[in-house]
Amino acid sequence: MTLFLANESVAGDEALPSTFELIMQDRMAGGFKPATQYLVNVVCDSYPHLASSTPVKHFHESYALLKLLIERYCLAHYDSLLSERFYGIKRVELTEGSTEPLSERGRHLSLLFSVGVPYIKAKLDAYYHSLVATTVGVRSDDEDDGMVAIPSDHPLLDPPSKMERFWRQWKTLRIWAQLKKSFVDLYPAAHFGYEGSFLMYQWMYLFGYTRHFTPFLRAMKMAFARITPTDITTFDQKRLLKRADVLAQLEARPSIVNSLRKAVYKSTWLALDHSQTIMILTIVSFKFVEWMYSDLNPRQPALGPLNCPPPPPPLPPQLHDSAIAVTSEVQRCGLCQRTRTNPASCASGFVFCYPCIHQYVAEHGECPVTRLPCDVASIARIYEDAEPVA
């Protein structure tokens with residue numbers, strides 16, 4: 001193993017980032033979307049009317065558009081994605097054993113593989129889960145129902161009847177159903193190959209067999225490198241020159257609109273210059289919100305007039321129509337009339353031997369005491385001491 005810790009390198013090349021750094025930035029990049037989805041869900045819980053808005057209903061498209069804008073800016077000014085810049089990593093192009101700065105074509109390819117392909121993958125995942133949830137069924141095609149195909153150019157061919165048109169439409173729908181079934185059967189293997197290729201390249205990078213950390217980098221002929229102080233100076237100069245040029249163009253044509261645009265540009269640039277600090281604060285805020293809405297944070301009941309009294313206990317069940325006689329002995333099963341073993345309770349809360357209640361519910365579908373509807377899945381095992389406590 002040539003690379004494991006953050007301060008080691010591949011084949012002695014100090015410009016190459018470590019596997020630890022690349023894995024961490026990959027995990028950070030993969031956590032942006034779930035975190036955004038969680039925050040959207042929290043906001044929609046507080047403001048339900050936002051759930052019907054277009055950005056929330058089309059979350060994948062909204063997130064892809066937002067990510068496209070952010071990653072385009074980072075690639076244009078830092079030759080890296082947002083998570084890569086956070087860890088001081090940039091992208092370089094490999095040409096005949098040497099490295100070259102990222103070109104405009106490389107930036108477009110990076111956007112394609114970092115935004116476009118994950119978006120398509122997310123849509124395919126959602127489509128696969130929707131098909132599995134609806135359990136698409138496909139009728140067998142082995143039977144042709146005795147029908148003989150007639151060429152469409154036959155001279156005696158009459159215009160198709162309603163039944164024939166219906167049959168053709170049905171055949172078309174059946175073909176789509178077959179395609180959906182094939183997709184459901186083949187997609188898990190494709191998903192395994194997709195994820196497995198990333199794992200394989202990470203291991204190859206770990207042992208120094210390749211400079212490409214992902215198959216996407218291999219397809220784009222790119223590699224990762226650490227950002228040097230010279231790169232930082234170059235990036236800053238290029239960014240400042242571009243901003244000065246934009247401000248000069250706005251000041252050359254003074255107007256209220258250009259003044260507003262100038263203020264918006266300056267505010268945006270200020271936020272981008274402090275994006276790393278904002279990202280850290282966002283992560284801390286996200287963890288705080290997650291803790292606030294988790295079970296680890298016991299919420300104190302409200303005081304004052306909003307503190308309502310607890311509801312009354314439920315009424316006792318009506319036992320006049322019971323299928324069995326309820327015994328007063330705590331440790332006796334009401335079904336087998338023996339000392340209860342392996343206790344379990346049904347939905348009504350009465351406790352029996354697990355084999356007894358399981359067999360009774362499976363046959364009758366109800367509680368033997370209250371006659372309430374019950375199924376086998378609702379039977380709960382109870383773990384108690386072998387000897388009853390006096």
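By convention here, the first residue in the shown sequence is residue 1. The figures here come from the full heavy-atom set of this structure, side chains too, leaving out hydrogens, waters and symmetry mates.
We find the CD1-CZ distance between I357 and R381 to be 13.0 Å, quoted to the nearest 0.5 Å. Between the CD1 atom of I227 and the OG1 atom of T234 there is a distance of 11.0 Å, given to the nearest 0.5 Å. Put simply, CD on E61 and OG1 on T54 are 11.0 Å apart, with the number rounded to the nearest 0.5 Å. To the nearest 0.5 Å, the span separating CG on L124 from OH on Y128 amounts to 12.5 Å.
Of all heavy-atom pairs spanning K33 and A122, the tightest one is NZ-CB, 3.4 Å. Across all their heavy atoms, R211 and Y205 have their closest contact at O-CE1, 3.6 Å. In terms of heavy-atom proximity, L247 sits nearest to K262 at CD2-CG, 3.7 Å. Contact detail for C74 and L81: the closest heavy-atom pair is CB-C, 4.1 Å. Counting all heavy atoms, side chain and backbone alike, P118 lies closest to F113 at CD-O, 3.3 Å. Taking all atoms of both residues into account, the shortest heavy-atom contact from P188 to V184 is CD-O, 3.2 Å.
Within a 6.0 Å radius of CG in L69, more than 12 heavy atoms belonging to other residues, nucleotides or ligands are found. Within 6.0 Å of the CZ atom in R72, the count of heavy atoms belonging to other residues, nucleotides or ligands does not exceed 12. Within a 6.0 Å sphere centred on CD of Q359, heavy atoms belonging to other residues, nucleotides or ligands number 12 at most. Residue K238 qualifies as enclosed at atom NZ: its count of foreign heavy atoms under 6.0 Å is above 12. Dense packing is recorded around CZ of R107, with more than 12 heavy atoms of other residues, nucleotides or ligands lying under 6.0 Å away.
When only modelled atom types and interatomic distance are considered, S83 and Q25 share a side-chain donor-acceptor pair under 3.5 Å. In this model, no donor atom of one side chain and acceptor atom of the other lie less than 3.5 Å apart for T19 and Q202. A side-chain donor-acceptor contact under 3.5 Å links S378 and D375. When only modelled atom types and interatomic distance are considered, H212 and K221 share no side-chain donor-acceptor pair under 3.5 Å.
Taking the charged nitrogens against the carboxylate oxygens, E93 and R105 have no contact shorter than 4.0 Å, which rules out a salt bridge. We find that R85 and D79 are not joined by a salt bridge, their nearest charged nitrogen and carboxylate oxygen being 4.0 Å or further apart. Under 4.0 Å is where a charged nitrogen must lie from a carboxylate oxygen, and between E84 and K90 no such pair does.
The shortest distance between side-chain heavy atoms of M222 and L94 does not fall below 4.5 Å. Within the 4.5 Å cutoff, no side-chain heavy atoms of V43 are placed close to those of Y38. At a threshold of 4.5 Å between non-hydrogen side-chain atoms, the residues V56 and C44 count as touching. A heavy-atom distance below 4.5 Å is not found between the side chains of L131 and Y187. Side-chain contact between F59 and T36: present, with at least one pair of heavy atoms (C-beta onward) separated by less than 4.5 Å. The closest side-chain heavy-atom distance from S80 to L75 is not below 4.5 Å. Side-chain contact check for R91 versus L217: some heavy-atom pair is nearer than 4.5 Å. In this structure the side chain of N342 never reaches within 4.5 angstrom of the side chain of C353, judged on heavy atoms.
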>> Show, in sequence, the C-alpha distance, side-chain angles and deciding distance for H58 and Y63, and conclude whether the side-chain contact (heavy atoms from CB on, under 4.5 Å) test is met.
In response: CA-CA 9 Å; H58 300 84; Y63 179 82; over 6 Å; no
Worksheet entry | From CA spacing to verdict: side chain to side chain donor-acceptor pair (under 3.5 Å), S18, E21 | CA-CA 5 Å; S18 66; E21 293 171 318; 3.3 Å; yes
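Taking hydrophobic clusters as Ile, Leu, Val, Met, Phe, Trp and Tyr residues chained together by side-chain heavy-atom distances below 4.5 Å, V117 shares a cluster with L109. One hydrophobic cluster holds both W203 and M200 under the rule that ILVMFWY side chains link at heavy-atom gaps under 4.5 Å. In the hydrophobic clustering of ILVMFWY residues, with side-chain heavy atoms under 4.5 Å counting as a link, L372 and L335 come out apart. Under the 4.5 Å side-chain heavy-atom criterion for ILVMFWY residues, a single connected hydrophobic cluster contains both Y209 and Y201. Under the 4.5 Å side-chain heavy-atom criterion for grouping Ile, Leu, Val, Met, Phe, Trp and Tyr, I120 is not connected to L65 through any hydrophobic cluster.
Cation-pi contact between K121 and Y194: present, with separation from the ring centre below 6.0 Å and deviation from the ring axis of at most 45°. Taking the ring centre of Y265 as origin, the terminal cationic atom of R243 falls outside the region bounded by 6.0 Å and 45° from the ring axis.
Using bins of under 30°, 30° to 60° and over 60° for the plane-to-plane angle, the ring pair F235/Y78 lands in the perpendicular bin.
Using modelled atom types, no side-chain atom of S345 and backbone atom of V351 make a donor-acceptor pair closer than 3.5 Å. For H358 (side chain) and Y354 (main-chain N/O), no donor-acceptor pair under 3.5 Å exists by modelled atom type. Between the side chain of T99 and the backbone N or O of T95, no donor-acceptor pair lies under 3.5 Å. Between the side chain of N41 and the backbone N or O of Q37, at least one donor-acceptor pair lies under 3.5 Å. Side-chain N or O atoms of R332 include one that pairs as donor or acceptor with a backbone N or O of Q337 at under 3.5 Å.
For the salt bridge (Lys or Arg N to Asp or Glu O under 4.0 Å) test, no residue two or more places apart in sequence or in another chain qualifies with K242. Every residue two or more places apart in sequence or in another chain was checked for a ring pair (Phe, Tyr, Trp, His ring centres under 6.0 Å) with Y119, and none qualifies. Every residue two or more places apart in sequence or in another chain was checked for a ring pair (Phe, Tyr, Trp, His ring centres under 6.0 Å) with H108, and none qualifies.
Here F352 and Y360 keep their ring centres 6.0 angstrom or further from each other. Aromatic ring centres of F216 and F198 lie closer together than 6.0 Å.
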